[in-house]
Amino acid sequence: MVRTWLFKSEPYEFSIDDLKASPRGTSGWEGVRNYQARNLMRDEIGKGDVVIFYHSSVRPPAAVGLAEVVREGYPDRTDGSSPEDPVRWIQVDVRYRTHFEEPVTIDAMREMKGLEELALLRRGNRLSIQPVTPKEAKTIIRAGGLDPARFL
DNA sequence: GCCAACGTTGGC
DNA sequence: GCCAACGTTGGC
């Protein structure tokens, strides 16, 4: 079973539709400037991993679909590195897979059995890239109206 | 290496 | 637009 992640994005910056419309449905997940998220991309996230695409800072915030990692961590192209200031930031590439039939709102997730431990729902959580257990991913994908077996 | 000040995130 | 939470910065 592949590993599963939740990637947050503000849709007016970069939405799942923007990802779908990208060449080959693929885009770099660049511009992340948080060390914890950077370390996940550098050390943990691998090719073929499943990404739950989450829209934040909109009403209602919601998981809206799925993508997959198609390239492992490499230097963020927006990292202004130089010999004196070597590469610090990392990006991965993700490819669009599908929209959910129904967005899975954060409120719905709070109500859902099996998501009690979901990192996203923890108070004060701001991490833009978060681990999701396969069980949690299954629950979210099913709530989105899709068959988890097709993606996990 | 502590910690106050400041900046950012993101739900509401 | 508010503000809680938390990450980062920089003076000491």
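Letters A, B, ... mirror the listed sequences (proteins, then strands); counts begin at 1.
In this structure, Ile129(A) and Ala37(A) approach most closely via the heavy-atom pair CB-CB, 4.2 Å.
Within a heavy-atom distance below 4.0 Å of DNA chain B, no residue of residues 11-18 of chain A is found. Residues of residues 120-127 of chain A having a heavy atom closer than 4.0 Å to DNA chain C, listed by number: Arg123(A), Gly124(A), Arg126(A). Remark: Ile106(A), Arg110(A) in residues 104-116 of chain A come within less than 4.0 Å of DNA chain B through at least one heavy atom.
The aromatic ring centres of Tyr54(A) and Trp5(A) sit 6.0 Å or more apart.
Leu152(A) places a side-chain heavy atom less than 4.5 Å from the side chain of Thr4(A). At a threshold of 4.5 Å between non-hydrogen side-chain atoms, the residues Leu6(A) and Val51(A) do not count as touching.
Chain A approaches DNA chain C within less than 4.0 angstrom (heavy atoms of the protein), and the contacting nucleotides run 5' to 3' from dA4(C) to dT8(C).
For the pair Arg33(A) and Arg59(A), both in contact range of DNA chain C, the more 5′-proximal nearest nucleotide belongs to Arg59(A).
For residues 116-152 of chain A, no pair satisfies ring pair (Phe, Tyr, Trp, His ring centres under 6.0 Å), with sequence neighbours left out. For residues 25-45 of chain A, every residue pair satisfying the salt bridge (Lys or Arg N to Asp or Glu O under 4.0 Å) rule, not counting sequence neighbours, is listed here: Arg3(A)-Glu44(A), Glu30(A)-Arg77(A), Arg33(A)-Asp76(A). Among residues at least two apart or in separate chains, ring pair (Phe, Tyr, Trp, His ring centres under 6.0 Å) pairs with a member in residues 98-134 of chain A are Tyr96(A)-His99(A).
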Enumerate, atom names and distances included, each donor-acceptor pair closer than 3.5 Å involving a side-chain atom of residues 65-75 of chain A, sequence neighbours excluded.
residue: Glu68(A); atom: OE2; partner: Arg95(A); partner atom: NH2; Å: 3.4
residue: Glu72(A); atom: OE2; partner: Lys47(A); partner atom: N; Å: 3.4
residue: Tyr74(A); atom: OH; partner: Gln91(A); partner atom: NE2; Å: 2.8
residue: Tyr74(A); atom: OH; partner: Asp93(A); partner atom: OD1; Å: 2.5
residue: Tyr74(A); atom: OH; partner: Asp93(A); partner atom: OD2; Å: 3.2

Donor-acceptor contacts under 3.5 Å from residues 106-119 of chain A side chains, at least two apart:
residue: Glu116(A); atom: OE1; partner: Gly114(A); partner atom: N; Å: 3.0
residue: Glu116(A); atom: OE2; partner: Gly114(A); partner atom: N; Å: 3.2

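Residues passing the side-chain hydrogen bond (donor to acceptor under 3.5 Å, both in side chains) test with Ser15(A) are Asp18(A), sequence neighbours excluded. With sequence neighbours left out, the ring pair (Phe, Tyr, Trp, His ring centres under 6.0 Å) criterion links Phe53(A) to Trp29(A), His55(A).
Under a 4.5 Å side-chain heavy-atom cut-off, the cluster of Ile, Leu, Val, Met, Phe, Trp and Tyr residues that includes Val58(A) is completed by Tyr12(A).
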